[in-house]
Amino acid sequence: DTLVYPICFLYRQITELYIKHIYIKYSSEDEKGKIAFVKKVSHRLKLAWEKTIPILKRLKERFPSFSVSIEECGELIEQIDEFDETSMRMRYPMTKDFRATNEKPMLLDIDNLNEGMHELFEKLQEICDFFDNVFPDNTVDSSFEIKVLAKAQPCSDIMIDMVKMIEELREQEST
């Protein structure tokens with residue numbers, strides 16, 4: 001039954017990353033404004049989405065062929081936010097003050113959850129694809145994302161470090 005926890009957490013995490021990506025990529029904010037956005041919204045999906053809606057509405061006015069329903073995305077995001085407002089419910093078994101994050105048993109319809117999340121991801125990806133296509137000359141500034149990614153340790157480096165640690169542990173166990 002607990003295998004659902006990482007699944008729910010990752011669904012929530014990808015939703016958060018999509019929203020932040022859309023905001024950062026299509027916002028007219030400068031780098032300081034984008035940093036302030038990330039800090040202010042933290043892991044709060046509803047707040048991040050509320051800050052992103054005006055950007056999408058402006059773009060929708062500029063490009064009437066944009067057909068993704070911002071309202072439908074918002075409804076799905078709000079459901080996730082209601083379920084796990086602080087991103088802690090599926091991440092940790094207890095809160096910072098040592099209360100159980102899930103005090104009452106719950107039943108989740110995994111098939112319905114999966115279907116709803118895929119619907120949301122398709123809509124969010126459609127938003128990204130649409131605007132990437134209407135800005136083919138990269139007139140949208142992605143420099144902030146590039147700077148953030150440049151500071152992040154590449155996944156391959158992390159994987160190599162993990163393999164080295166596993167090998168060290170195996171050697172320690174064998175001795």
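Side-chain contact between Y26 and D132 is present, with heavy atoms from C-beta onward closer than 4.5 Å. The shortest distance between side-chain heavy atoms of E126 and S67 falls below 4.5 Å. In this structure, the side chains of I70 and W49 come closer than 4.5 Å at one or more pairs of heavy atoms.
Here Q13 contributes atom CD and M90 contributes atom CE; the two are 14.5 Å apart, rounded to the nearest 0.5 Å. Taken to the nearest 0.5 Å, the CD1 atom of I53 stands 12.0 Å off from the CZ atom of R58. Atom-to-atom distance recorded for F37:CZ and I24:CD1 is 6.5 Å, nearest 0.5 angstrom. Taking OH of Y23 as the reference point, atom CD of E29 lies at 4.0 Å (rounded to 0.5 Å). One finds the OG1 atom of T52 at 12.5 Å from the NZ atom of K57 (value rounded to the nearest 0.5 Å). Here CZ of F121 is found 12.0 Å from SG of C128. Values are rounded to the nearest 0.5 Å.
Closest approach of V68 to K123, counting heavy atoms only: CG1-O, 3.9 Å.
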Ignoring hydrogens and angles, write down the donor-acceptor pairs under 3.5 Å from the side chains of residues 108-120, residues two or more places apart or on other chains.
unit_1	atom_1	unit_2	atom_2	d
D109	OD1	D111	N	3.2
D109	OD1	N112	N	3.2
N114	OD1	Y11	OH	2.5
N114	OD1	H118	NE2	3.0

Donor-acceptor contacts under 3.5 Å from residues 76-85 side chains, at least two apart:
unit_1	atom_1	unit_2	atom_2	d
D84	OD1	S87	N	3.1
D84	OD1	M88	N	3.1
D84	OD1	R89	N	3.0

Kindly list each side-chain donor-acceptor pair under 3.5 angstrom involving residues 38-47, sequence neighbours excluded, with atom names and distances?
unit_1	atom_1	unit_2	atom_2	d
H43	ND1	E16	OE1	3.2
H43	ND1	E16	OE2	2.9
R44	NE	V41	O	3.4
R44	NH2	K40	O	2.3

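Salt bridge absent: D30 and K32 never bring a charged side-chain N and a carboxylate O closer than 4.0 Å.
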- request: Verify side-chain contact (heavy atoms from CB on, under 4.5 Å) between F131 and L56, making sure each step is shown before the conclusion.
  value: CA-CA 10 Å; F131 293 116; L56 294 175; 4.2 Å; yes
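With hydrophobic clusters built from ILVMFWY side chains whose heavy atoms lie under 4.5 angstrom apart, L124 does not share a cluster with L17.
When the shell of 6.0 Å around NZ of K60 is examined, it contains more than 12 heavy atoms from other residues, nucleotides or ligands.
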